[in-house]
A.B. asks: 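My structure is below; once you've seen it, I'll send some questions.
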Amino acid sequence: MKILFLLLFSFNSLAQNSTTLPQEKELDVVDFQNVKDVLKKDGLMQEVQKKKKEVLKIKEIRSDEEKKLYNWPTDNEFWPIATEYWLVKQAPTLMWDFDRPDYGLTQSFASILKTVGYIQKRFRLLAIDSPSPAHLSLPWTSDELCLVFSVPFARSMDLSKLEISLLLLEDVLRMEEGWLKDFATPANLKDLLGSNFKDKKPDLTPIFEVSKGYTKFIQEKGFSFQQQFTITKKMSAILKPHPELWNAYVRLLGKIDRLVKGNQVFSSYVKLYPSPEMQIRWLAPEEKIL
Amino acid sequence: MKALWLFLLLSINVGAEVKAVGVFYFNPFLGHVHQSPARRSPSLTTIQCGHPLKVIEDPNVTVSDEWSYVSVADWKGFVWKKHLTTKRPDCFQSRYPKFYDALSLDLAELFYWGRLHDHWEEGVAKP
């Protein structure tokens, strides 16, 4: 019996010396290296990495989408909004919300555009009940025109659809030159268009400045003589192959000249479009000096 | 005999039901559901781009080719046909929501902006 005890004791002490401590065993259980090895063997680490990447990607997409909500419109999308904003603000003075018959001007203007080569050009017209501006092209998108015409102005001269369309064609040429748009564009607008204002206070002053610019141009600045000369010459060149249109244009300028000289209501016309009298002279054939 | 015809006519009218044509979406930036099919008719409600509208056919309501009879919320009114699309449009408001919010349009501006889209005459120089 004593021998058996001794043997057991010696085995126990041997075992205690050779094997690890219980604490060490516990450490073994939570040995991350071991866990990692097991996970590696099972391919779970790759799965975790894959999931992490997916989560990161989704977060990035969401963040990009959220950022996009704070975008400034692009140039093409800004101008229709700015123009409509001005028209809405000017509704009481321009008086476009009025009853009117269908003048059939859309077809007539489309026909003129087609005749002079503006094929597939889209446009939108707005009739106003105010005498001023008599007619005007406003900045819009690159592939569409936005035009305004005064019904009292057209009515006072009993203008035909063709004559109104010719006036609007003048405005198309003016818009192509970009004079009104350039005048109304605030200095900082180009930097803002298409930019992002996340984490910033949105600065909408440019849209208000554009509105002020339109009003100032129409009421104070107007087109210069040089600009009018350029447009008249361009109109002449465009209409020369169509004598009936060219003659109608000259007659129209004569009508306007008589109106602005004789009717006080339309005397401000020359402030915006100087001067019908000069336009007629510029269209006259040059006298040859022998 | 006259009474019989009258009864028959009335019964036909009563039997005729309002039919749903389908759901369409409002396309312009802002607009109106009108009380009658006319450009300047009073507005029942102002709606914005992307608003779904149920186009309906009512045998008691005559509509020209240019207008659609629609049901929206509690209203039944008229919208320009050219302002409706079958697919949800890509609206300015949804592309630039924060910019649109920052405009802070008041009720009068929303109303006039909608009116403006009733007045535009659109065209294209077709070849």
Side-chain angles (χ1 to χ4, degrees), chain A residues 66-74 77-78 80-81 83-85 87-92 96-100 102-128 143-147 149 192 196-198 201-204 207-208, chain B residues 26-32 34-43 46-50 64-67 78 80-83 89-127:
Chain A
E66 207 209 318
K67 202 180 166 188
K68 269 185 199 168
L69 303 178
Y70 295 84
N71 276 355
W72 249 80
T74 58
E77 288 174 298
F78 171 79
I81 290 294
T83 295
E84 286 197 337
Y85 183 80
L87 288 168
V88 167
K89 286 281 186 191
Q90 295 296 317
W96 45 256
D97 192 17
F98 72 113
D99 273 323
R100 61 183 172 83
D102 180 13
Y103 298 107
L105 194 60
T106 314
Q107 295 83 352
S108 168
F109 185 56
S111 165
I112 288 266
L113 285 179
K114 187 183 137 189
T115 309
V116 297
Y118 284 89
I119 293 169
Q120 290 294 9
K121 196 74 185 170
R122 292 195 300 128
F123 61 89
R124 55 180 60 222
L125 306 174
L126 183 69
I128 59 170
D143 56 352
E144 193 177 359
L145 303 158
C146 170
L147 300 137
F149 75 97
L192 289 169
N196 189 276
F197 59 91
K198 191 167 179 355
K201 204 181 166 198
D203 177 19
L204 291 197
I207 203 164
F208 311 131
Chain B
F26 192 71
N27 198 27
F29 184 62
L30 284 160
H32 293 281
H34 292 269
Q35 213 171 60
S36 55
R39 195 193 296 273
R40 286 207 71 227
S41 113
S43 164
T46 307
I47 47 175
Q48 67 171 12
C49 180
S64 71
D65 287 346
E66 289 182 315
W67 293 85
F78 301 86
W80 284 103
K81 209 170 250 179
K82 64 182 178 185
H83 288 170
D90 183 19
C91 303
F92 182 89
Q93 288 95 324
S94 46
R95 280 198 308 278
Y96 305 104
K98 301 292 175 187
F99 180 89
Y100 177 66
D101 289 347
L103 277 173
S104 305
L105 301 173
D106 61 32
L107 283 176
E109 286 163 350
L110 289 169
F111 175 84
Y112 273 110
W113 212 311
R115 283 298 236 198
L116 183 61
H117 284 272
D118 283 326
H119 286 279
W120 284 124
E121 292 281 353
E122 291 169 59
V124 59
K126 284 180 189 157

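Just so it is clear, the structure is predicted and the values come from calculations on it, not from any experiment. Below, read A as the first sequence line, B as the second, and so on, with proteins coming before strands; counting in each chain starts at 1. Values below: all heavy atoms of this structure, side chains included; hydrogens, waters and symmetry mates excluded.
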A.B. asks: Among A/L87, A/T115, A/L147, A/L125, who wins on heavy-atom pairs under 4.5 Å with chain B?
C.D. replies: A/L125
A.B. asks: Checking B/D106 now: which residues fulfil salt bridge (charged side-chain N to carboxylate O under 4.0 Å, His left out) with it, not counting sequence neighbours?
C.D. replies: none
A.B. asks: Quick check for you: among A/F197, A/F109, A/F208, which has the greatest number of heavy-atom pairs under 4.5 Å with chain B?
C.D. replies: A/F197
A.B. asks: Is the backbone of B/S41 close enough, under 3.5 Å, to the side chain of B/H34 for a donor and an acceptor to pair up by distance?
C.D. replies: yes
A.B. asks: Pair B/F111, B/H32 - check ring-ring contact (aromatic ring centres under 6.0 Å, His included), show working.
C.D. replies: CA-CA 8 Å; B/F111 175 84; B/H32 293 281; 4.9 Å; yes
A.B. asks: Under 4.5 Å from any heavy atom of chain A, what part of B/R39 do you find: side chain, backbone, both or neither?
C.D. replies: side chain
A.B. asks: A/Y85 versus chain B, heavy atoms under 4.5 Å apart: side chain, backbone, both or neither?
C.D. replies: both
A.B. asks: Mind checking side-chain contact (heavy atoms from CB on, under 4.5 Å) for B/P89 and listing every partner two or more places apart, or none if nothing turns up?
C.D. replies: B/Y25, B/N27, B/C49, B/T85, B/C91
A.B. asks: Please report the closest heavy-atom contact between A/K114 and B/K126, naming both atoms and the distance.
C.D. replies: CD-O, 2.9 Å
A.B. asks: Where do A/F123 and B/A125 come nearest, in terms of heavy atoms and distance?
C.D. replies: CE2-N, 4.3 Å
A.B. asks: Is it the side chain or the backbone of A/K68 that comes within 4.5 Å of chain B heavy atoms, both, or neither?
C.D. replies: backbone
A.B. asks: Which region of A/I207, side chain (C-beta onward) or backbone (N, CA, C, O), has a non-hydrogen atom less than 4.5 Å from a non-hydrogen atom of chain B, or is it both or neither?
C.D. replies: side chain
A.B. asks: Measure A/L69 against the heavy atoms of chain B and call it side chain, backbone, both or neither at under 4.5 Å.
C.D. replies: both
A.B. asks: If I measure from the heavy atoms of chain B, does A/P73 come under 4.5 Å with its side chain, its backbone, both, or neither?
C.D. replies: both
A.B. asks: Is B/K81 paired with B/D65 through a side-chain N to carboxylate O contact shorter than 4.0 Å?
C.D. replies: no
A.B. asks: At a 4.5 Å cut-off on heavy atoms, which part of B/L105 comes close to chain A: side chain, backbone, both, or neither?
C.D. replies: side chain
A.B. asks: Taking side chain as everything from C-beta outward and backbone as N, CA, C, O, which of these in A/L204 sits under 4.5 Å from a heavy atom of chain B? Side chain, backbone, both or neither.
C.D. replies: side chain
A.B. asks: For the candidates A/I112, A/D97, A/D102, which exhibits the highest count of non-hydrogen atom pairs separated by less than 4.5 Å from chain B?
C.D. replies: A/D97
A.B. asks: Between B/F99 and chain A, which part of the residue has a heavy atom less than 4.5 Å away: side chain, backbone, both or neither?
C.D. replies: both
A.B. asks: Is it true that B/E122 and B/K82 make a salt bridge, defined as a side-chain N closer than 4.0 Å to a carboxylate O?
C.D. replies: no
A.B. asks: So for B/Y100, is it side chain, backbone, both, or neither that comes closer than 4.5 Å to the heavy atoms of chain A?
C.D. replies: neither
A.B. asks: Can you say whether A/Y118 sits under 4.5 Å from chain B via the side chain, the backbone, both, or neither, judging by heavy atoms?
C.D. replies: backbone
A.B. asks: Assess the side chains of B/W120 and A/E84: does a donor N or O sit below 3.5 Å from an acceptor N or O?
C.D. replies: yes
